[in-house]
Amino acid sequence: MNRFLWPLVGFALLVIVLTVGLRRAPDKSIIASPLIGKVAPTFDAPDLIDGTRRVSGVALKGQWYLLNVWGTWCVGCRAEHAALLAIHDEGRVSIIGLNWKDDDLAAIAWLAQLGNPYAAIGADRDGRIAIDWGVYGAPESFLVNPEGVVVEKQTGVMTPEIWRARFLTHLDSAAKAAP
Amino acid sequence: MLVELGHFALVLAMMMCAAQACFGLAGPALGKPHWQSVTFSAVAGQLLFVGLAATALIHAFISNDFSVLYVASNSNSALPTFYRVAAFWGAHEGSLLLWICVLCLWTVAVALRAHRLPPAFASRVLGVMGLVSFGFMLFTLATSNPFQRLVPGALDGRDLNPLLQDFALAVHPPILYAGYVGFTVGFAFACATLIEGRRGQEWARWMRPWTILSWAFLSCGIALGSWWAYYELGWGGYWFWDAVENASFMPWLLATALIHSLAVTDKRGLFKSWTLLLAIGTFSLSLLGTFLVRSGVLVSVHSFAADPARGVFILAFLVIVIGGALTLFAWRAPKLVSNAGFALLSRESMLLFNNILLVVATAVVFGGTLAPLIAETLGLGTLSVGPPYFAPSFMIPVLPLLTLLGLGIHARWRRGGLLHARQSLLIAAGAALLLAAAIGMGAYSSRSVLAWVGASLGLWLILSSLIDPIDRLRRKLSLPAAIMGMSIAHIGLGVFVLGVTLVETTTVERDVALRAGQGAQLAGYTFTYQGGESIAGPNYTGFRGHVLVTRGSKTVARLTPEKRSYWATGSVMTEAGISAGWNRDLFAALGEDVGAGAWSLRLQYRPLIRFIWFGALIMAIGGITTLFDRRYAPAVAPTTDTGTDVAAQRATP
């Protein structure tokens, strides 16, 4: 083949990638995570508020938790904050925050201003933990069961409707199974 | 009324571009020289109507016309006038109009210099540029009209994003766009060359100054953006390998390769098709950056409001423009063969290595930026890529690039060999290694190997770039602007490398909570918090802290970090207090009021951070210096430069 055609071929492949990306752009929220049904990635991060403590997946074994990836730079996170506060008040599950690629001081200011729904927050300053979790963009939330397996994931803003329809059902059926 | 006129003017400007494209391309193709002259009138018309459209939007901002949706979303009556003008490009719609304005100015500049080009060639160049302008205007009018009315009008505006209410960021987009958009010129020259199937190499000389000028603008633009991120985001970082930053960095890397490849084509007539491909590639990456930033396919810390409908339009535009150019390339480039040879250690092969390594570096950034999309397409799930990938991978091509650069600038054309400069090069290399060790271990007591390697490379670049100018001065030879510019630009790169290395390896940072009167130690300095007071700005209220920095008993700096709350948006911004020195920055940012009169503070000591932006500026100055070289003066006919005399052989960057 004519070697001068290669740039065109490469570009055509790129266009295919971009087209697929574009088709999925509006419904990023329904991309299933390959993590669902698998053991959650281990993580160990310094506590955002008390730097001497650490937040780790090992310590959370044996309880349900919702890992919520957020950052003060993320508009969607502000939008879902009220929903997270409501989940916190409901008291069914503790929310673990993962403060992603953020400034610690800005994050603490944000919580002081909007309220803190989190039981603990890990500071993922360089984004390494988010890479392990396959985070695409904040906000994202993962529901993890007592065995440490990811059972549900929301990519994008969490709403009370999504929480009731897709997340709470897992907690309800678990509660029924073990009365 | 003026707003509607502006809208209409933009429609007329689009018509002008259509005429410019049609007559510019069809005239030479059909052999109708009088059609070509219409192109120039169309360019004049484009300038007039684009100017009208821009004036209308600026007027709407200055007069607080909140019946315009874009003004209502991005301005506020309390916003100072300077920022009301800058709000013009504060969001997607206006920044597209800015893009159009800048492209219009580049078109006018090309038209003004067109008399130096063969008429048919100039006509084709303007035709291709008209096509690109047309696409952008259609995009703006169809999907992102800044003149859209808001009915009923708002009483007051939502205000400009507080992050953007800053001098550096207000002037950053025009400079960045001047670079980005300027690559359209090189692209148009490449397309015109391919259309004509030119066998010579004269087009390389025509294209060089435009490419270098755009590159210089882009260097300044990127540096300004990085400087802004440093003091405004309050994180103390200067580069985040974010998708938006990468979108501007990729064209810069490829343009750097293009500048060097153009030198070979201009001088020796080699790498012709490769140079044309780079010119197309550089422009394509600018367009691709626009697509990535505005379509919502990638998530970024600071991307524009995403809208997939815009994405579809830009993708179609990409396919037509880039796909068309690459088809033209596949069809015409095989005819551009050159048979000249060159030796292994010649300037040509050094520049070939330069190109390979720069393209690999671009590919590293490209791969990392697009990896999330590619993984998604292949069904591998979602992933995100950050500095842990970029920083080490980027070093793989860049370390050999910097090492070879010091040698390459001394290699001779054609036959090659470095023997003539062997002694000076050995001295420079030895001095760089020793000096780097002295700086790293002595001044910063750092034992990091990376610090030593990086500092050695930076010094190596600076010292080896000085060899040639010093040698010429000693032998009382003239110093042509091309050599001077090349040396300056490479010294700038060395300064930049020094800055990045020391900032990355020896920064010290602490987060502390201090009551008034309490102090904290950092890198030999004492930071004492002295209390603070409430402040009120034109469109915000806030708190200002006072931090006294002392070393021993000497006062070094008084920092005044601020925390501002903007009324209209309710957002809180951190203004860091920074004491800048040529060799270090002392940095304090206010965190939270932790009660009892105490505040949490972030303190940083960053050595040589100014070198990063200063180095980029020196690079840009170097680029601009080369534009004053005799070779671009109109009197010099291209054939006089045969490259036979030794001085000229070593002259060309």
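So you know, we letter chains A, B, ... as the sequences are listed, proteins then strands, and number each from 1. Being a predicted model, the structure only gives us computed values, none of them experimental.
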Undergrad: What distance do A:T19 atom OG1 and B:L315 atom CG have between them, rounded to the nearest 0.5 Å?
TA: 4.5 Å
Undergrad: Give the interface residues of residues 321-336 of chain B toward chain A, defined by a heavy-atom separation under 4.5 Å.
TA: B:I322, B:G323, B:L326, B:T327, B:F329, B:A330, B:A333, B:P334
Undergrad: How about A:R92: does its CZ atom have over 12 heavy atoms from other parts shown lying under 6.0 Å from it?
TA: yes
Undergrad: Given that the side chain runs from C-beta out, which part of A:A109 has a heavy atom under 4.5 Å from chain B: side chain, backbone, both or neither?
TA: both
Undergrad: Roughly how far, to the nearest 0.5 Å, is CD1 of A:I108 from CG of B:D511?
TA: 8.0 Å
Undergrad: Passes side chain to side chain contact (heavy atoms under 4.5 Å, CB included), A:L105 versus B:S600? Steps please.
TA: CA-CA 8 Å; A:L105 300 177; B:S600 63; 3.7 Å; yes
Undergrad: Should the pair A:D103-B:R602 be classified as a salt bridge under the 4.0 Å nitrogen-to-oxygen rule?
TA: yes
Undergrad: To the closest 0.5 Å, what do you measure between CZ (A:F11) and CD1 (B:I280)?
TA: 11.0 Å
Undergrad: Contact part of B:S284 toward chain A, heavy-atom cut-off under 4.5 Å: side chain, backbone, both or neither?
TA: neither
Undergrad: Under a 4.5 Å heavy-atom cut-off, does chain B meet the side chain of A:L14, its backbone, both or neither?
TA: side chain
Undergrad: Let me know which of A:V20, A:V17, A:L13 forms a side chain to side chain contact (heavy atoms under 4.5 Å, CB included) with B:I374.
TA: A:V17
